[in-house]
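One structure below.
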Amino acid sequence: MLELRPILLLLVALSGGVFSSIGPRASLPIVNKEIAPDGYRRISTLAGGTFPAPIIRVDKGDQLELNVINQLTSTSLDLVTSIHWHGLFQKHTNYADGPAFVTQCPIVPKDTFQYRFAVPGQAGTFWYHSHFRNQYCDGLRGALIISDPQDPHRHLYDVDDDSTVITLADWYHYLSTNAPAVPAFTSSLINGKGRYPGGPSDVPLAIVNVEKGKRYRFRLVSISCDPSFTFSIDGHQMTVIEVEGTNVKPLLIDSLEIFVGQRYSVVVTANQPVSNYCAPHKNPTVDPTVNIPVSQMPLVETNLHPGKPVPGGADININLNVVLDFSILAFRVNGASFVPPSIPVLLQILSGTHKASDLLPKGSIYGLELNKSVELTIPGGAIGGPHPVHLHGHNFHVVRSAGDSTYNFDDPVIRDVVSIGNTGDDVTIRFMTDNPGPWFFHCHIDWHLNAGFAVVFAEDVPDVPSQDITTPAWEKLCPRYEKFNKAQIGG
């Protein structure tokens, strides 16, 4: 577990850098660029040329039209790409979900692909990232915010803008294409800034300036590839009001653990004497020292309540047993290690495969009927954990959390990433099959996903052709990728 400490400067006047979000209609050039977020310069893969990627900010109900332009040139890194809009349901637009070889073929260099989808009924804190191999570990990751003009918690905060989005990331001094068998991150970054042990001490750190007396909605987004973080602000408490796109009853805490892919909105009141609240320095130009107090009110997942009941008894019960196969250094889920098929699962369905049992890859596809309540149980304890698992196309009720042996069928937290805990835990989640299409379910530690920790839920396969639209540009992705791949192999 890593302790991350943002520098919050409580100043009388609000000041700071210029923030400029994009969306809902925008172009995202995907480029290679040398950056040194922690003082060590290396080539990276970026959206919009920045790390983190530009914040995408839209309103509830907006139509998004995001043109992804592949301008990648570095042969040291992956040259193709594919973008996932994490946490968005993509109802009727499964083609735009983004995971390579599940819902699309990758976008080849010099090609442009438009992700066009709506976000009806969803609002809150989300993010986006590459979903091709381990590419997002090289930098292609950023926040996506959906504002709700009718936010029921709006009376609890005064400020909610681009300056209050806080991304937490790990960073590596080697490329994802040259990572060791067991990758270890070099540094931790807050809003794209940090330092590494033994590195230069003059690298700028992240600063968020706030005005004394105001209440700030900080949107915490873990865009990490691997580690979880513990987040707290010296001398301040926080009120959790949102978890991954779902409002919760306000919960007062002083620290929280945030796993890969998870998001929280917390309200912090700038009610302490003007100072630097990473450490007790009065002068903002002085580097802080780490002072980690013992948390008195840490976030406990079972204390989060959305105020809505979970659906009735489950119609479908699935146990997913995860183990690490040391002989091949790959994870197996119920005996199968996920290997991306050469033809995306969605394309297989649209090409006439009518039964989930006939879909590839064999052993990793689970067919689900429409309008059923599904209960998944994922025992903890697999090596490399605790593992945070993510379900595409849905959020879910966590009816049993890690570290707890009880079940909550009344008002469990709703989220889209959950830690499955450690040995002895039987984390249990529930969701409804109300969204036809193939949906990825995987560990969000990116190295583990690409080592086989994944399955696909093929939901309502017979109705997918009539329910999920595609575009002519989507249909061209696979032929172009096949041509590009053959040229690469041949060259």
Report task. Give the intermediate values and the outcome of side chain to side chain contact (heavy atoms under 4.5 Å, CB included) for residues Phe101 and Ile343. Result -> CA-CA 6 Å; Phe101 305 111; Ile343 301 174; over 6 Å; no

Query - Considering all heavy atoms, the nearest Leu79-Ser74 contact - result: CD2-O, 3.4 Å

Query - salt bridge (Lys or Arg N to Asp or Glu O under 4.0 Å) evaluation trace for Lys91 with Asp468 - result: CA-CA 8 Å; Lys91 188 121 182 187; Asp468 285 305; over 6 Å; no

Query raised in the report: Between Val243 and Ile414, is a side chain to side chain contact (heavy atoms under 4.5 Å, CB included) present by the stated rule, with each step listed?
Result: CA-CA 7 Å; Val243 179; Ile414 298 173; over 6 Å; no

Query raised in the report: Are Arg141 and Cys225 close enough that some pair of their side-chain heavy atoms sits under 4.5 Å apart?
Result: yes

Requested in this report: Describe, in one word, how the ring planes of Tyr136 and His129 are oriented to each other, choosing from parallel (under 30°), tilted (30 to 60°) and perpendicular (over 60°).
Outcome: tilted

**Report entry** Spacing of CG belonging to Asp160 relative to CZ belonging to Phe218, to within rounding of 0.5 Å
**Finding:** 10.5 Å

Query - Test item: Val208 and Tyr216 side chains (from C-beta on) under 4.5 Å apart, heavy atoms - result: no

Query raised in the report: Roughly how far, to the nearest 0.5 Å, is the CG atom of Leu144 from the CZ atom of Arg219?
Result: 10.5 Å

Query - Any donor-acceptor pair under 3.5 Å from Asp170 side chain to Phe185 backbone - result: no

Requested in this report: Output yes when a side-chain donor or acceptor of Gln135 lies under 3.5 Å from a complementary backbone atom of Leu140, and no otherwise.
Outcome: no

Query raised in the report: Looking at His394, Gln262, His392, His86, which hits side chain to side chain donor-acceptor pair (under 3.5 Å) with Asp416?
Result: His86

Query raised in the report: Can Gln104 and Tyr115 be counted as having a side-chain donor-acceptor contact under 3.5 angstrom?
Result: yes

Report task. Please tell me if the side chains of Ile223 and Leu168 come closer than 4.5 Å, counting only heavy atoms from C-beta onward. Result -> no

Requested in this report: Return yes if some donor-acceptor pair links the side-chain N/O of Thr471 with the main-chain N/O of Trp474 below 3.5 Å, else return no.
Outcome: yes

Query raised in the report: How are the rings of Trp85 and Phe117 set relative to one another: parallel (under 30°), tilted (30 to 60°) or perpendicular (over 60°)?
Result: tilted

Query raised in the report: Using a distance-only test with no angle check, is there a side-chain donor-acceptor pair under 3.5 angstrom linking Gln114 and Asn67?
Result: yes

Query raised in the report: If we ignore angles and hydrogens, is there a donor and acceptor under 3.5 Å between the side chains of Thr81 and Asn70?
Result: no

Requested in this report: Look only at the side chain of Asn191 and the backbone of Ala206, and say whether a donor-acceptor pair between them is shorter than 3.5 Å.
Outcome: no

Requested in this report: Without swapping roles, check the side chain of Thr177 against the backbone of Ser76 for a donor-acceptor pair under 3.5 Å.
Outcome: yes

**Report entry** Electrostatic pair Asp38-Arg195, nearest N-O below 4.0 angstrom
**Finding:** no

Query raised in the report: Run the side-chain hydrogen bond (donor to acceptor under 3.5 Å, both in side chains) check on Asn94 and Thr103 step by step: do they pass?
Result: CA-CA 7 Å; Asn94 180 268; Thr103 63; 5.0 Å; no

Query raised in the report: Does the side chain of Glu244 reach to within under 4.5 Å of the side chain of Val418, using non-hydrogen atoms?
Result: no

Query raised in the report: Is there a side chain to side chain contact (heavy atoms under 4.5 Å, CB included) between Ile22 and Ile55 once you walk through the steps?
Result: CA-CA 6 Å; Ile22 61 173; Ile55 297 171; over 6 Å; no

Query raised in the report: Taking the side chain as C-beta and beyond, is there a heavy-atom pair between Tyr128 and Pro54 under 4.5 Å?
Result: yes

Query raised in the report: Parallel, tilted or perpendicular: which fits the ring planes of His448 and Phe331, with parallel below 30° and perpendicular above 60°?
Result: tilted

Query raised in the report: Can any side-chain N or O of Glu257 pair as donor or acceptor with the backbone N or O of Val300 at less than 3.5 Å?
Result: no

Requested in this report: Report yes or no: is the cationic atom of Arg42 (NZ for Lys, CZ for Arg) closer than 6.0 Å to the six-membered ring centre of Trp171, at no more than 45° off its axis?
Outcome: yes

Query raised in the report: Is the shortest distance from a Lys or Arg side-chain nitrogen in Asp138 or Arg133 to a carboxylate oxygen in the other one below 4.0 Å?
Result: no

Query raised in the report: Judged by modelled atom types alone, do Ser21 and Asp162 share a side-chain donor-acceptor pair under 3.5 Å?
Result: yes

Requested in this report: Please check if any side-chain donor atom of Arg217 sits under 3.5 Å from a side-chain acceptor atom of Thr164, or the reverse.
Outcome: no

Report task. Scan side-chain atoms only and decide if Asn178 and Tyr172 contain a donor-acceptor pair under the 3.5 Å cut-off. Result -> no

**Report entry** Check: Lys33 side chain, Gly49 main-chain N or O, donor-acceptor pair, under 3.5 Å
**Finding:** yes

Query raised in the report: Within a strict 4.5 Å, meaning less than it, do heavy atoms of the Phe51 and Leu189 side chains meet?
Result: yes

Query raised in the report: Quick one: does Tyr366's side chain get under 4.5 Å of Ile318's, heavy atoms only?
Result: yes

Query raised in the report: How far apart are the closest heavy atoms of Tyr481 and Val108, and which atoms are they?
Result: CA-CG1, 3.6 Å

Report task. Taking all heavy atoms of Ser224 and all of Trp127, pick out the closest pair and write down the distance. Result -> O-CH2, 4.5 Å

Query raised in the report: Could you walk me through whether Thr246 and Asn395 pass the side chain to side chain contact (heavy atoms under 4.5 Å, CB included) check?
Result: CA-CA 9 Å; Thr246 299; Asn395 53 20; 3.7 Å; yes

**Report entry** Test log, rule ring-ring contact (aromatic ring centres under 6.0 Å, His included), inputs Phe440 and His131
**Finding:** CA-CA 11 Å; Phe440 222 6; His131 221 303; 5.7 Å; yes

Requested in this report: Check whether any side-chain N or O of Lys483 sits under 3.5 Å from a backbone N or O of Cys478 as a donor-acceptor pair, and report yes or no.
Outcome: no

Query raised in the report: Between Ser364 and Ala336, what is the shortest heavy-atom contact and its length?
Result: OG-CB, 3.9 Å

Query - Over 12 foreign heavy atoms within 6.0 Å of CD, Glu475 - result: yes

Report task. Give a yes or no on whether the ring-centroid distance for His442 and His387 is below 6.0 angstrom. Result -> no

Query raised in the report: Taking all non-hydrogen atoms of both residues, which atom of Asp78 and which atom of Ser176 are closest, and how far apart?
Result: OD2-OG, 4.4 Å

Report summary line: Here the pair of heavy atoms bringing Leu46 nearest to Gly139 is CD2-O, 3.8 Å

**Report entry** Ser232-Ser255 side chain donor-acceptor pair, cut-off 3.5 Å
**Finding:** no

Query raised in the report: Have Ser351 and Gln348 got a donor and an acceptor in their side chains that come within less than 3.5 Å?
Result: no

Query - Under 3.5 Å donor-acceptor, His444 side chain and His390 backbone - result: no

Requested in this report: Take Tyr264 and Arg415, measure what side-chain hydrogen bond (donor to acceptor under 3.5 Å, both in side chains) needs, and give me the verdict at the end.
Outcome: CA-CA 10 Å; Tyr264 294 95; Arg415 61 189 322 156; 3.0 Å; yes

Report summary line: Here the gap from Cys105 atom SG to Asn485 atom CG, rounded to the nearest 0.5 Å, amounts to 9.5 Å

**Report entry** Short side-chain to backbone donor-acceptor contact, Ser82 and Phe132, under 3.5 Å
**Finding:** no

Report summary line: Separation between CD1 (Ile83) and CD1 (Ile107), nearest 0.5 Å, reads 6.5 Å

Query raised in the report: Does the side chain of Leu350 come within less than 4.5 Å of Val464's, by heavy atoms?
Result: yes

Query raised in the report: Going by an N to O cut-off under 4.0 Å, is there a salt bridge joining Arg263 and Glu242?
Result: no

Query raised in the report: Salt bridge between Lys476 and Asp111, side-chain N to carboxylate O under 4.0 Å?
Result: no

